[in-house]
Every structure is written in C-alpha cells, then in structure tokens.
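Notes for the one structure printed next.
Heavy-atom basis, side chains included; hydrogens, waters and symmetry copies ignored.
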Amino acid sequence: MKESVMNRSRMLVLVAVAGAFAGLTGCATTGDLDALKAEVSQNKADIATANKNAADAKSMAQEALTTANQANSTAEDTASKLDRMFKKSMYK
C-alpha cells in the first residue's frame, strides 16, 4: 500500500511538472497571431513594391537597349557613307 501511495505521488509530481512545463512554454496568443499576420501583410506589400520596381527597371533597360541599337545603326550608316566618300575621293 505504501508503494501505491508513493507511485501515485510520483505520478502526480510528474504530471504537475509536465503541466507546468507546458504552461510555461505556452501557445501562440491572439496578439502573436495578429503580429504575424501584420508582418506577412507587410512582406506581401514589400514584394509587390519590389516586383513593380523590377518591372520599371526592365522597361528602362529595354528602352536603353532600343536607343543603343538605334545609335549603333546610325553610326554604321555614317561609317559606311564616310567610307564611300573616301573611296570616291581616292578615284579622282
């Protein structure tokens, strides 16, 4: 009978310790969840802004490439004209 009381008291102590541990570690509160939701919303807004900035940068890069290609074409035309003029002057 003494062992039975000892086992019960040990079991009660173990349950109390486990309950205290579980209580101290706690669960996420509503405030914690709201804070996480706000952080996720902010991250989504940051991602949307970054995507918009990336799209703007891509557009600007495409415009720069178009301008560079036009300048290259003009330079090649000018070089071709100068070469023809030089050759023409050499024949005279």
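- Partners of Lys81 by side-chain hydrogen bond (donor to acceptor under 3.5 Å, both in side chains), not counting sequence neighbours: none found.
- Distance check, rounded to the nearest 0.5 Å: CG of Asn72 to CD of Gln70 gives 11.0 Å.
- Residues satisfying the side-chain hydrogen bond (donor to acceptor under 3.5 Å, both in side chains) criterion with Asn51, sequence neighbours excluded, are absent altogether.
- Counting only distance, with no hydrogens or angles, the side chain of Thr66 and the backbone of Gln62 share a donor-acceptor pair below 3.5 Å.
- The side-chain heavy atoms of Asp32 and Leu36, taken from C-beta on, include no pair separated by under 4.5 Å.
- With hydrogens and angles disregarded, a donor-acceptor distance shorter than 3.5 Å links the side chain of Thr78 to the backbone of Thr74.
- To the nearest 0.5 Å, atoms CG (Asp56) and NZ (Lys58) are separated by 12.0 Å.
- Between the Ser73 side chain and the Asn69 main chain, no donor and acceptor come within less than 3.5 Å of each other.
- Interatomic distance, Glu39 CD to Asp46 CG, rounded to the nearest 0.5 Å: 10.0 Å.
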